[in-house]
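Proteins come first, then strands; the chains are lettered A, B, ... in the order of their sequence lines, and each starts at number 1.
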There are 2 protein chains.
Amino acid sequence: MPTSTRFAVASHILTALAMTEGKPVRSEDIATSVNTSAVVIRGILSRLNDAGLTRSQLGSGGGALLARSAAEIRLLDVYAAVEDTELFAVHRTAPCTSCPVGANILDVINPALARARAALEAELGKTTIADLAGTIRELAKT
Amino acid sequence: MPTSTRFAVASHILTALAMTEGKPVRSEDIATSVNTSAVVIRGILSRLNDAGLTRSQLGSGGGALLARSAAEIRLLDVYAAVEDTELFAVHRTAPCTSCPVGANILDVINPALARARAALEAELGKTTIADLAGTIRELAKT
DNA sequence: TTATGTGTAAGTATCACTATTACATTAATT
DNA sequence: AATTAATGTAATAGTGATACTTACACATAA
């Protein structure tokens, strides 16, 4: 399964941006919060930029900003922006085409996997970055 | 990362066993159908044995068998039997505990990820090996 | 013009996965 | 009892993705 931590880190980044309402945040500062290096953060921000979720302000006083409202960024959008690999990997080499099972297994299993992926994505579509930020604000109060 | 193909291959194996009704199938023959080596198949069969989905008959004329009805083996059971890693990987190193976001992000995001995983698993629980084998029998007729 | 940050390429270490080789063990067959 | 056919598993190597680090070009505010 996908062992990339990008999805979790990207959610962390976006939530951090949502907490500062419009003030640019440096990759260095995000890196401190995530506990990694600034280059790793910038690599993920690059993907988020491409996906239209964030934008970057160059130069002194610059940093990363949300490109749209946190309420309009779903975890599904984040997932799609940073995850490369298929959720389910199938046979590395094509199965035997002259065997009854080998010739048909992919056609039979792929629809089931597609349904599972759709269910996952539907659920990821229900939570937004604003939800995460809101809950963190609640927790920070106590 | 290299995503595991074990789930797809394990489903292939079980479907093949479901097609031969009670007759043991050699790992060698399964390997031919999957287009890999017999040792890889035996490695996956070892996990399926541990999970109680299959059993093996040693010695000459032996091979792998389903340990219960194909209708009682859900894709969810297969998934659980062969998949090692968490569906969603979180931060490799713990985030900054003194930052508002870092200290709380995992507590906030984990419930959302758990819901997504539950949705995925619910969907995988709806399809059985018997379903796959049945569809393949249909396809093989034409 | 200088200082501050982003963007990105190149190189490294690590890890999971798959394939391969090798061998011990078990059981049916003769 | 000996032979043969099969599983079970350890050890090893190759591959690919991830994440970390270093380095430097580029953009912008002051």
Q: Remember a base hit wins even if backbone is also touched, and classify A/Asn49 as base, sugar-phosphate or nothing at under 4.0 Å, heavy atoms.
A: sugar-phosphate
Q. Counting any heavy atom closer than 4.0 Å, what does B/Ser46 reach on the DNA or RNA strands: base, sugar-phosphate only, or nothing?
A. sugar-phosphate
(Q) Would the base of C/dG5 count as contacting A/Arg26 through its side chain, where contact means a donor and an acceptor less than 3.5 Å apart? (A) no
Q. Between B/Phe88 and A/Tyr79, how do the two ring planes meet: parallel, tilted or perpendicular, split at 30° and 60°?
A. perpendicular
Q: Ignoring hydrogens and angles, tell me if any N or O in the side chain of B/Ser33 forms a donor-acceptor pair with the backbone of B/Asp29 under 3.5 Å.
A: no
**Q.** B/Ile129, B/Thr54, B/Asp77 screened by side-chain contact (heavy atoms from CB on, under 4.5 Å) with B/Arg68, the one that passes
**A.** B/Asp77
Q. Picking from C/dA22, C/dC17, D/dA19, which would you name as closest to the side chain of B/Thr85?
A. C/dC17
Q) Which of these, A/Val78, A/Leu48, A/Thr15, sits in a side-chain contact (heavy atoms from CB on, under 4.5 Å) with A/Ile73? A) A/Val78
Q | Atom of A/Gly22, atom of A/Leu65 and distance for their closest heavy-atom approach | A | O-CD2, 3.2 Å
Q) B/Val39 has a side chain; which of C/dT20, D/dA19, D/dT7 sits nearest to it? A) C/dT20
Q: Would you indicate what B/Ser37 reaches in the nucleic acid, counting non-hydrogen atoms under 4.0 angstrom: base, sugar-phosphate, or nothing?
A: base
Q.
Can you measure B/Ile41 atom CD1 to C/dT21 atom C1' for me and round it to whole angstrom units?
A. 17 Å
Q) Hey, can you pull the residues of residues 50-64 of chain B with a non-hydrogen atom under 4.0 angstrom from DNA chain C? A) B/Leu58, B/Gly59, B/Ser60
